[in-house]
Amino acid sequence: MSIFVDKDTKVVYQGLTGSQGRFYGLLNQSYGTQVVAGTNPKKAGTDVEGIPVYATVADAVAATGATVSCIFIPAPGVRDAVMEAGEGGVELIVAITEGVPAHDEAWFFNKLKRDFPQVQLLGPNCPGIISPGQCNIGITAGHIAKAPVDGEPAVGIVSRSGTLTYQALHELKLNDIGVTTCVGIGGDPVPGTTFIDCLERFEADPDTHAVMMIGEIGGSAEEEAAEFIKTKMTKPVASYIAGVTAPPGKKMGHAGAIVSGGKGTAAAKMDALRDAGARVGQNPTEAGQLMVEIVKELAEKR
Amino acid sequence: MNLYEYQGKQFFARYGIPVSAGEAVTTVDDAIAAADRVGYPVVVKAQVQVGGRGKAGGIKLANDADETRHHATAILGMDIKGHTVEIVWIEHASDIAEEYYASFTLDRAAKKHLGMLSAQGGVDIEGVAATDPDAIAKIWVDPVDGLTEDAARAWVEAAKLNPKATDGAVDLLLKLYTAYVEGDADLCEVNPLILTPDGKVHALDAKVTLDGNSEFRHPDYEQYDATQVRDDREEEAHAKGLQYVGLEGSVGVIANGAGLAMSTVDIVNQVGGKPANFLDIGGGANADVMAGALEVINHDPDVKAIFINIFGGITKGDEVANGIITALGRVQIDNPIVIRLDGTNADEGRAILEPHLSDKLQMKPTMVEAAEAVVALATQEAAQ
């Protein structure tokens, strides 16, 4: 099993007719994702390499039964695109777009929760989600992830950083460890999906046996996740936090990666995670090795 | 984007928030001319993007032209915590009965806007939060609903301001919220917010940070780009569209992805080195971007060795390797380089780099080994 998406998931791409949407939409399709539709009000009735284009998400959902939307719309249009997807009736919205204003994110997060409480938003500014061997939505290179093998312990990954997510997938694959689902929640100040949203689902997923969590400086999402791990999780967690030596007051690439007023430091996050019983690595490789140890221990218990 | 006080006040004024009449000037003569126009007494205020100006002697009252000359001469060119004062703001001095604090920012955990209001203003608000948290009245505003007048009034009452200030404060806070939302600000802070003896409420200071991602709907924000505080390296990187933060060390860092770049900076520190910068070249890592990144690092005189840390995802390792070789052909690099290349087609990429390797261009299989090698090289170079 996996969380959020699997082999039966049907996906509509908002922005499929643009260069990014087309590139990644087709790449996701070649991975095996059921890319059933694209949207563009001006190009309804046309197709992209045989994938039909509809005017709206609602039309695409009605015609294809898509349950997930993936957004590759440029930043100025994301606010409308997210609400269109919510109104269109999908269950999960994956917003890849980078550079969305924080006020837009705060607005559509709350508006979506109020008008369409059953809809889960992932992103914006995230690499997407992959359930290896089943479904890949977004910009992750699918071949660096190993699918779980029956009878062997498998890992779930949740991360704020794209490249560190790839690093984690890669290290687990090198060590022959399968991944149920890898969720990139993104580096923006108002992520639609939080660490806790993912930890909750990994905890409930019978096929996920351990979780790797990759955080970074800024905000308090890691501390909140630590509290959840401490009180609600039975599965082991290995973790890494980027930005230990980041100077205060500077945005480190991601809009949300900033230490302000002494808050959001990597040290505080690592302490909270250690206190919650997670194993915390000093660098991505060490975190990978900690996960290898966890998986070995889990396999021995079987 | 951080605004200077004078820019913040001009920003506030656009939304009808009461601020003092004033002018931003860069010379002593202009300061005196401005003081004549705004009317004595005036306050001469250093424009720097750092707290503690008053204590450093950067805010002075002047009653006439001689005093204005004296203070402007002292303040222009003054160093405040490493920031040189190039602009002073001359404003008509206000009579102050009481000083308060007000701000709006995003509460990332609550995913709502957070307003903070305190009857204890004019002081460091983090100090107030630490010693007397009850002195700060907080309000969480749902972005969908916005701030209503009733909610603002209840909030002002909870902050226990002087009752004479209530109507003025409610009006100002509603306008401040509008400025914060419509202006796409990350932060709008007024400290102090003052009550004058004749009962008016007024923003005596302005600290505003705008969201750079919102520039597409605020084309005028381009003007603030020119006044951002950046060192020469940050200026060059910004001009090339690179995500760069200057640090103090000797190891130049180039990585793809913000997380990996942060992680690279961390690991250089962990093995005993000091990074010179954070530089994220993004996912693509092609020759043009790589050459631009190398140029920025090359212009940093403190750099003694360079660490290129690339993880190939969609962009394949062989493409990255070719990009590095092309970039190295274009940019003359004197410092030694250590490369760590992993991910998609890493083997093909390493094979492309192999024939070019030397003492000055090394390759290591892991981040830790590469960091150790680059720190050793930087230490060697520094000793020479």
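Per chain, numbering begins at 1; letters A, B, ... match sequence-line order.
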Residue [X] versus chain B: region with a heavy atom under 4.5 Å:
X	value
A:L169	neither
A:F108	neither
A:Y166	both
A:L27	side chain
A:A221	neither
A:K173	neither

* Give a yes or no on whether B:K207 atom NZ has more than 12 heavy-atom contacts from other residues, nucleotides or ligands under 6.0 Å away. => no
* Above 12 or not: heavy atoms from other molecules or residues under 6.0 Å from CG of B:D232? -> no
Below 4.5 Å from any heavy atom of chain A, which atoms of [X] appear? Answer side chain, backbone, both or neither.
X	result
B:N269	side chain
B:L247	side chain
B:V245	side chain
B:D266	both
B:V368	side chain
B:E234	side chain
B:L260	both
B:A261	neither

* **B:F278 ring center within less than 6.0 Å of B:Y244 ring center** => no
* is_close_aromatic(A:H103, B:Y180), centroid dist under 6.0 Å -> yes
Under a 4.0 Å N-O cut-off, is there an ion pair linking [X] with [Y]?
X	Y	value
B:D231	B:R233	yes
B:K112	B:D107	no
A:K251	B:D186	yes

Output the option from [options] having the highest count of non-hydrogen pairs under 4.5 Å with chain B.
options	value
A:E224, A:E216, A:Q167, A:H254	A:Q167
A:S159, A:G218, A:A266	A:G218
A:E223, A:M252, A:H143, A:E98	A:M252
A:A246, A:P191, A:S161, A:P189	A:P189
A:R114, A:E105, A:K111	A:R114

* Structure fact -> Nearest heavy-atom approach of A:I217 to A:T265 is CG2-C, 4.4 Å
* Structure fact -> Heavy atoms of B:Y177 and B:G146 approach each other most closely as OH-CA, 3.6 Å
* To do: Please say whether the positively charged group of B:K175, taken as NZ for Lys or CZ for Arg, lies over the ring of B:Y15, i.e. under 6.0 angstrom from the six-membered ring centre and within 45 degrees of the axis.
  => no
* CA sep, side-chain torsions, deciding dist, call: B:N256, A:T163, side chain to side chain donor-acceptor pair (under 3.5 Å) -> CA-CA 7 Å; B:N256 67 331; A:T163 32; 5.4 Å; no
So which residue, [options], ends up with the most heavy-atom pairs under 4.5 Å with chain A?
options	result
B:A255, B:A185, B:G212, B:A129	B:A185
B:E126, B:R340, B:E215	B:R340
B:L106, B:T366, B:D145, B:L279	B:D145

* Asked: After noting the C-alpha distance and the side-chain angles of B:K364 and B:D342, does the key distance pass the salt bridge (Lys or Arg N to Asp or Glu O under 4.0 Å) rule?
  -> CA-CA 10 Å; B:K364 299 288 173 190; B:D342 212 337; over 6 Å; no
* To do: Specify whether B:H218 and B:Y221 have parallel, tilted or perpendicular ring planes, treating 30° as the upper limit for parallel and 60° as the lower limit for perpendicular.
  => parallel
